[in-house]
Structure formats: structure tokens, C-alpha cells
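Everything on this sheet refers to the single structure shown next.
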Protein chains: 2
Amino acid sequence: MRLVVARCSVDYEGRLSAHLPMATRLIMVKADGCVAIHADGGAYKPLNWMNAPNRLVEAAGEWTVTNPKGERLVITIEEVLSDSAHDLGADPGLQKDGVEAHLQELLAAACHELEAGMVLVRREHRTEIGPVDLLCRDAEGRAVAVEIKRRGEIDGVEQLTRYLELLNRDPALTRKGAVRGISAAQEIKPQARVLATDRGIACAVVDYDALRGLDDPSHRLF
Amino acid sequence: MRLVVARCSVDYEGRLSAHLPMATRLIMVKADGCVAIHADGGAYKPLNWMNAPNRLVEAAGEWTVTNPKGERLVITIEEVLSDSAHDLGADPGLQKDGVEAHLQELLAAACHELEAGMVLVRREHRTEIGPVDLLCRDAEGRAVAVEIKRRGEIDGVEQLTRYLELLNRDPALTRKGAVRGISAAQEIKPQARVLATDRGIACAVVDYDALRGLDDPSHRLF
DNA sequence: GTGTATATCTCGGGG
DNA sequence: CCCCGAGGTATACAC
């Protein structure tokens, strides 16, 4: 990784046009070739960047980064204040726990927690327009589509609505009545709840830690 | 901005749990206090981070970053390979051109380009579920809701559908007939076009550069 | 490669 | 402050 602190101005032409006036910034060049220009604030997002794959050409006072998509980043350097390089090696990578995939896993194993008598039919049930997180049957044998999110927002309700529209055209699923929908999340936003209710979709707030407690602790990542 | 290259392991507890095994990485601490841990690859996104506002406590071999939301980032440092600080000063900030806001501005001034005889009623027309980009009237006096996107995808059609559903409940708007919808974008994805057509929503591909040409060049950002 | 869904999304605007 | 929408979203994964 190369770290350059320099007074520079930057121009990007690609998906939009953007310009950074002359100022002191950090230019980070990673081993995979990607370039990021950071200011001394503003979370982790750089002001400007160019991801790999790309080509960096260093001329006197001007770096030009181009990529195969025709995007171009030009860094005009007035003064270099520091320039260092470090060999970091490959990273073993991040281990995560608590994201949607895990929540889905836990709910699949405990879908009776959503509703008494509920039984799992299939996880990631394929439809033409995407996978339904959980397809279940309720105590009366009716099909139930469950959409799982960490945070329930409007998009998730739209997604489930599209799935239900499609699933309800399948005679095999609607034999015992229309397919029902449940929007399950750790937290459900007010607007999402309103939209769901308006569309006859039930909302279920699930407790991740409680579900995990039901699960065998040895399954945890760490 | 402080840049530390070190062998470290990292644990994050907050919106999820995450762990990084011991390896050499860059730790970036910005003036606003935010901390980011970068590997030597993987675009501009850090492996782990903690945004401002937060509190960084440096003990021997262990940095602990906590924030008011109860999130916690612990960096265990085995060996420091480099530690430097630079005063970058405040950044003048990024100037952008070509984003949705600008496209909306141009279309508002030239909505007759969408359809002959079309007149602008209001930009960002408020509804209970969000703002309609452009509310217009066509040559026959019928209300038209326009949703503007850089790239027309399914989400935009869903959004416009929600608005139309609501607008069509307003007697003041439907006096001359049902409110029509137009999905306007520089590029419209096939699936979005299919969905729009299915719902009676028209699609309009707009040429950003041509629109800008109609506009006074002195209005351009740079 | 396109299409779809997720994200500790980030970031900015408005109530 | 939260809510909501846009993003050069980035990223992973299925088809």
C-alpha cells in the first residue's frame, strides 16, 4: 500500500463529472491498483476514487487513472508532503455474525416462533423474479411467504408484494387459500408497517439474540 | 490525519459482530475522530470502521473506540510498523455534475420535451409517502406525475406506482381523468420498462447533454 | 454478463 | 432527532 500526502486537485469523468479544488489530501493506492483520495473527515468514504481494474500513469505533477469502462480520474499534484509504501500482504478477511443470512438460518430452524404450527417448506424458494426467503405452511396448511430483513423498510414490503403476486398464480400453493405474507425483521419502520398492513401483509418483530439462544451455541462463528 | 501501519486484530460489536484475525493493516484516524482499518485491496471500503462521533482510548497494545450508540471497536496491536500524522486542513469539498438533482432541474425547465404541451405544476410535490419529482399537466389538462432517475430500474417504477395510487385518490387532480405516470431516465432497464408498461406507466429516455444544451451554459457548475 | 438483494451501506435533505 | 431517498452506491450470488 502506498500512502501519499499531497496538495492536489482532482477531476473525475465517468458516471458523472466531479471536481475537487486544490487542497491537501491523502492519496491511497492499494496493491490491487485501486486509488482513493481522502480528506481529513467524512467517515470512511473517499472524496474520489477509482476501483480496480484500472491503469495508473504517473507523469510530472499529474497522475491519470483510467479503467476499461472509459472512466478517468486525473490527480494534479502541486506538492508532495509525504510518500511511503508498506507491504501489508494478503488479508485473512472479516468474519461476520448477525447479518441477514444468519437471521434467515435461525428463523428457518424456528419458524414456529413466527406463528404456532408453522412449518418450513423451503428456504430461498426460487421464483422468476427472485428468491423468497422462507416458504412455509401454517397450521391450516396455507402457504406463507416470509421476507426477512435486519430492518424492515418499504423496499422489503414491495419485494414481498411482488413475490406474493407471483406465488398466488401457482395453483399448487393456493389450494388451501391465498398465499399469506409475513415481513419479519429485528426492527420495523413505521412507513413499512403502514404499507404492509395496507396490503394485508403481517409484520413480525424477531429477537435475534433470543433466536440465537434457541440455537446450539456451537454453531456460532466465534 | 494519523496513519498507523500495524500488525493487529480487530473486534467490532454493534450493529453486528465482526472479527478480524491478526494481520498487517493500515489504521486511519481522521481529524473528526473516525477510525478505519484498511487491507491492501478491496476497493475503498475498509474492513472495519467506526464513524464520528466516538471516543478513542489508547492503552498499551489495545485501542478501544466506543460511540454513543453503544457500538465498540477494539483494535489489538501486536506491532507498530509506522505511525505518522499530517495536518490536512478543511477540505473545500466535491463539486458534482450529472446527478439526479440536476437532471430534475433541467427537466423541470423543459418538461415540454417529455411531451408536447406539458406544463410544470410543481417540483417535489409532497405526498404522505414521499415527494413526487415533477407534477405536470398535459395538453388536455390531465395531471401527470413524473419520476426522474439517472437509471430507470424496477424500484423507480414501484415508487411511481405508489405515488399514482395516492394521487388518484385526490379529486382535485383527477377532475380531467386519472393521473398518468411517466418514468423518465437517461437509460431504462428492460425489466423496468416491462413493469412500467404493464402498469400503464409511460417511459421517457432523456438525453442529459441535449437538455443541458437547451439550458443556459452559465448555469453549469463548472 | 445481467439481474437481484444486501449493507455496520454513506450521505444529504426535510420535517 | 429520525425518516426518507439517492448513490460514480459497492458487493456477493444466482442464472
Side-chain angles (χ1 to χ4, degrees), chain A residues 12-18 34 36 41-52 67 69-73 94 96-104 124 126-133 147-151 153-156 158-160 162-163 185 187 189-195, chain B residues 10-18 34-37 42-52 54 65 67-73 93-94 96-104 124 126-133 147-151 153-156 158-159 162-163 189-192 194:
Chain A
Y12 165 78
E13 285 289 336
R15 282 173 275 187
L16 55 58
S17 303
C34 74
Y44 71 67
K45 198 180 180 185
L47 295 162
N48 252 318
W49 68 93
M50 189 77 108
N51 285 347
N67 75 4
K69 278 181 268 182
E71 296 170 279
R72 166 190 290 266
L73 187 74
L94 187 66
K96 286 184 187 184
D97 182 22
V99 290
E100 198 210 287
H102 200 200
L103 194 56
Q104 188 192 111
E124 299 284 349
R126 304 257 151 234
T127 74
E128 289 169 54
I129 54 169
V132 179
D133 288 342
E147 178 62 35
I148 301 165
K149 291 263 184 279
R150 235 170 11 88
R151 289 175 11 175
E153 302 186 13
I154 276 182
D155 279 3
E158 294 285 20
Q159 199 179 336
L160 183 50
R162 289 198 299 273
Y163 293 153
E187 175 200 1
K189 297 279 173 182
Q191 295 212 350
R193 189 179 288 275
V194 169
L195 188 64
Chain B
V10 185
D11 286 280
Y12 166 77
E13 286 289 335
R15 283 173 273 186
L16 53 58
S17 303
C34 75
V35 179
I37 293 119
Y44 66 67
K45 197 180 178 185
L47 294 162
N48 252 318
W49 68 91
M50 188 79 107
N51 286 349
N54 63 34
V65 192
N67 76 3
K69 278 181 269 182
E71 296 170 280
R72 165 189 290 265
L73 186 74
L94 187 67
K96 282 186 191 183
D97 183 21
V99 290
E100 196 207 286
H102 199 203
L103 193 56
Q104 187 192 114
E124 298 283 347
R126 305 255 150 232
T127 74
E128 287 170 55
I129 54 170
V132 179
D133 287 342
E147 177 61 36
I148 300 167
K149 289 268 184 278
R150 231 172 15 85
R151 289 172 10 175
E153 300 185 13
I154 279 182
D155 279 4
E158 297 283 22
Q159 199 178 335
R162 290 198 299 272
Y163 294 153
K189 296 275 174 181
Q191 297 215 352
V194 169

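Each chain gets a letter, A, B and so on, in the order the sequences are listed, and its residues count up from 1. We use all heavy atoms of the structure for the numbers below, so side chains are in, but hydrogens, waters and symmetry mates are not.
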Pair A:Lys96-A:His102, side chain to side chain contact (heavy atoms under 4.5 Å, CB included): steps then yes or no: CA-CA 9 Å; A:Lys96 286 184 187 184; A:His102 200 200; over 6 Å; no
NZ on A:Lys69 to CZ on A:Arg15, rounded to 0.5 Å: 4.5 Å
Nearest listed nucleotide, side chain of B:Tyr163, among C:dT6, D:dA6, D:dG5: D:dG5
Distance in Å, A:Asp155 CG paired with A:Leu195 CG, rounded so as to fall on 0.5 Å steps: 10.5 Å
First encountered from the 5' end of DNA chain D, between B:Asp133 and A:Glu187: A:Glu187
Heavy-atom protein contacts under 4.0 Å, nucleotides 7-14 of chain C, coded B base, S sugar-phosphate only, - none: SBSSS--S
Value in whole Å for how far the C1' atom of D:dG8 lies from NZ of A:Lys69: 9 Å
A:Arg72 atom CZ: more than 12 heavy-atom contacts under 6.0 Å: no
Touch class at under 4.0 angstrom, heavy-atom based, for B:Arg72 against every strand present: nothing
Short side-chain N/O contact from A:Lys149 to OP1 or OP2 of C:dT6, under 4.0 Å: yes
Contact under 4.0 Å: A:Arg162 side-chain N or O vs C:dA5 OP1/OP2: yes
Pairwise side-chain contact, B:Glu100 with B:Asp133, heavy-atom cut-off 4.5 Å (strictly under): yes
Nearest-Å distance for atom pair CD/C1', residues B:Glu124 and D:dA6: 11 Å
B:Asn51: partners by side-chain hydrogen bond (donor to acceptor under 3.5 Å, both in side chains), with sequence neighbours left out: none
Any A:Gln159 side-chain N or O less than 4.0 Å from OP1/OP2 of C:dT6: yes
Atom pair distance, as rounded to whole Å: NE2 in B:His102 and C1' in D:dG8: 17 Å
Interatomic distance, B:Leu103 CG vs D:dG5 C1' [rounded to whole Å]: 16 Å
B:Glu153 CD - C:dT6 C1' separation (whole Å): 15 Å
P spacing across the pair C:dT8 / D:dA6, given as an integer number of angstrom: 22 Å
Touch class at under 4.0 angstrom, heavy-atom based, for A:Glu147 against every strand present: sugar-phosphate
Gap between atoms NZ and C1', on B:Lys189 and C:dA5 respectively (whole Å): 15 Å
4.5 Å side-chain heavy-atom contact, B:Leu16 and A:Arg150: no
